[in-house]
Every structure is written in structure tokens, then in C-alpha cells.
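So that the names make sense, note that chain A is the first sequence line, chain B the second, and so on, each numbered from 1.
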2 protein chains.
Amino acid sequence: MAHTLDDVNRYLREKGFRSTGARRTILEAIFGGGGHFTAEELLDTLRGRGGKVSRASVYRTLGMLVDGGFVETREFRRGQTMYEAVLGREHHDHLICTVCGKIIEFENEAIERLQDAVAREHGFTLEHHSLRLYGRCDVCGRGS
Amino acid sequence: MAHTLDDVNRYLREKGFRSTGARRTILEAIFGGGGHFTAEELLDTLRGRGGKVSRASVYRTLGMLVDGGFVETREFRRGQTMYEAVLGREHHDHLICTVCGKIIEFENEAIERLQDAVAREHGFTLEHHSLRLYGRCDVCGRGS
DNA sequence: ATACGTGCAAACGTTTTGCATATCG
DNA sequence: CGATATGCAAAACGTTTGCACGTAT
């Protein structure tokens, strides 16, 4: 984890993928921006910048990056995939406000260790995990 | 949490929902079967039993049960909602085999407590959470 | 009787795909 | 030049909805 942009380019080259205009534009937007985004939001960003990239290329490129482990997907809401660049970032989990949708990232070593222990107990070789805590954030919780 | 079938029926009655044939058939299949299922699988089960229930009714009934807290949804795979009856069952999380799809349920008090602590640190009032551990199960892990 | 539920088929939003064209190496 | 990527539009997928008809209360 915690790659650099060079890692991405090297990975793509090694896999025999070509460096095309569309691909470079998309990579730039994803790894320059940061944060969570949907495919459609990414497409809007690209179009706003005057780049002319098709929806298909956005989805295809996102797929490659997910396969390479440079982007992760999350399903915060049903029916829409959220993507997040993991470039240069360490693993983290999410707290999601069920009222305003705010997303806070956190890391907790102790939880990670317990997860490993649970997996081991059940004979699993852990590959990755997803932990999401849903609740009301400090602001939205006041009214309850 | 941990309701009985009577709780479900009482809830539905109190909400003013009617007891119809389709509804009874669906409830029976969901709470009689147990386990994880998709809307389509549930529909197949119902049809296999000769019941004639429409896809629309399946989705509408599932929605009511989710609202009532008797069924929970999970997104194990992208683009498809998995449902699970929580009737008579305590909270638990999941280990998912990325090769064969096997799902193992587990409970871990220590992890739960740490989650509460994390939420508190960030000023969140926790409502629910989702923890999924992905990896290779004991059987599928041997070949690696 | 009348409000609520049903089934059907059409609509929806997201994602994937087939194919002809353009581009990279 | 040959292989791969692109853009488009159509298809696919799971899910939701409008509506005329049925049924529980």
C-alpha cells in the first residue's frame, strides 16, 4: 500500500497498457484530486476541464486501477460505487454520518489486530476488509 | 434486536399493513429459511414452491422489513443487495471467501467496544456498523 | 365500500459491451 | 503495420414506479 504515481505508471506499463491521452487525463484527475468520488462525478470533473473522455473509458480505467490496487471501491449508498485513490495513503476505515453524509477517515491498530485474529481463528487468510461505522456526527447529533 | 416472528406480525399490524397472501408467503420464506439471499433468489424460492408472487411485491416487502429492522441489507458484491433476516439472531459480522463466496458469521465483543470508542473520539453517536473481512477460507487458501 | 396491495410492464440509474474508428508503439 | 484504446450507442443489470385490477378490513 501507499504507492507513488510512478508505481501506477510502472504497473500500467508492465501490464502492457498503453499511455494514452485519455488515460493520462483520468489519472491526473483521480490522483491529483483525492477524496471520494463516483464515476459520474469524475466524468463531470474531466468534462469541466475541457477534456473529452468517454464514460466507457472512465469505467475501464477505474477498473484497471482497482485491479492494480491503486483505487478502492466502497458502497456507501446502494446502487452507486464510490471510488477512492489509495495512492500515497495508508489504509483507513470510515465513519459516515447518516444525516449529512460527512465521511471521516480513521485508523485503529487495535481493531486491525483483532480482525487478523478473528480471520486466523476461522482459518482465513485475510486479503482486505471493510469497516464502516454509521451514526450521527457531532453537528447532526445535537438535534436528537 | 433478536425478535420473534410475532414481533414482525405485530409490527406490520401496528403500522397498518394488511396481512395478504403474498406477504405471508414471503415472510414464511424469509424467516423460515434463514441465511443470506438476494431478491432474485428469494423470488426463485417462492416460485419453486408454486407461490405466485411478483418481483415488485418481493422488493416492497423486503423494504418494509428492512425499515422495521427485521431484515438487514449488505453489499457483499457490487451492484447486488444481499438480505439477511435478523429475526431471533444477535448482531454479527462477516468473513467472506473471495474465491468460493462462503460466508462465515462471527461476533467479537472487543472489536465492538473499540468501534464505540472510535466513534466517541470523533463525536459520533453510533447507529450501526458494517464490518466485512475478505480473504481465502481454509479450503480455498490451500492452493496458494 | 374503500383504502391498501398486487402484478405487470415500463422506467430508472449505473455499469458493461459490441463495434467501427483512432491511436500507440 | 498490428495491437490496443477510444467513443458511441445499445444492452444489461438490479431496482423502482405508474397504473389498472384485486382483496382485506
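Checking Glu72(A) against His36(A) by side-chain atom types alone, no donor-acceptor pair falls below 3.5 Å. Looking only at atom types and distance, the side chain of His91(A) has a donor-acceptor partner in the side chain of Glu112(A) under 3.5 Å away. Side-chain contact of Arg132(A) with Ser130(A): a donor-acceptor pair under 3.5 Å is present, judged by distance alone.
In this structure, the NZ atom of Lys15(A) is 18 Å from the C1' atom of dA3(D), given to the nearest Å. Rounded to whole Å, atom P of dA5(D) lies 13 Å from atom CG of Leu27(A).
In this structure, the helix from dA1(C)-dT25(D) to dG25(C)-dC1(D) shows an angle of 30° between the axis at its start and the axis at its end, each fitted on 5 base pairs and rounded to 10°.
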Under 4.0 Å protein heavy-atom contacts per nucleotide of nucleotides 15-25 of chain D, with B for base, S for backbone only and - for none: BBBB-----BS
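Shown here are the salt bridge (charged side-chain N to carboxylate O under 4.0 Å, His left out) partners of Arg13(B), two or more places apart in sequence or in another chain: there are none. Arg10(B) is linked by a side chain to side chain donor-acceptor pair (under 3.5 Å) to Asp7(B), counting only residues two or more places apart in sequence or in another chain.
When every heavy atom of Met64(A) is checked against every heavy atom of Phe17(A), the shortest pair comes out as CE-CD1, 3.8 Å.
A distance-only check finds no donor-acceptor pair linking the side chain of His122(A) to the backbone of Arg120(A) [under 3.5 Å].
Phe106(B) shares a hydrophobic cluster with Leu95(A), Ile104(A), Phe106(A), Ile111(A), Leu114(A), Val118(A), Phe124(A), Leu126(A), Leu131(A), Leu133(A), Leu95(B), Ile104(B), Ile111(B), Leu114(B), Val118(B), Phe124(B), Leu126(B), Leu131(B), Leu133(B); the chain of contacts runs through ILVMFWY side chains whose heavy atoms sit under 4.5 Å apart.
Screening Tyr11(A), Tyr83(A), Phe31(A) for a ring-ring contact (aromatic ring centres under 6.0 Å, His included) with Phe70(A), the sole residue that qualifies is Tyr11(A).
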Determine, stepwise, if the pair Lys102(B) / Asp138(B) fulfils salt bridge (charged side-chain N to carboxylate O under 4.0 Å, His left out). CA-CA 10 Å; Lys102(B) 178 161 61 186; Asp138(B) 46 6; 3.6 Å; yes
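Residue Ser54(A) has no polar side-chain atom (N or O) positioned under 4.0 Å from OP1 or OP2 of dT6(D).
Read 5' to 3', the first and last nucleotides of DNA chain C with an atom closer than 4.0 Å to a heavy atom of chain B are dA3(C) to dT16(C).
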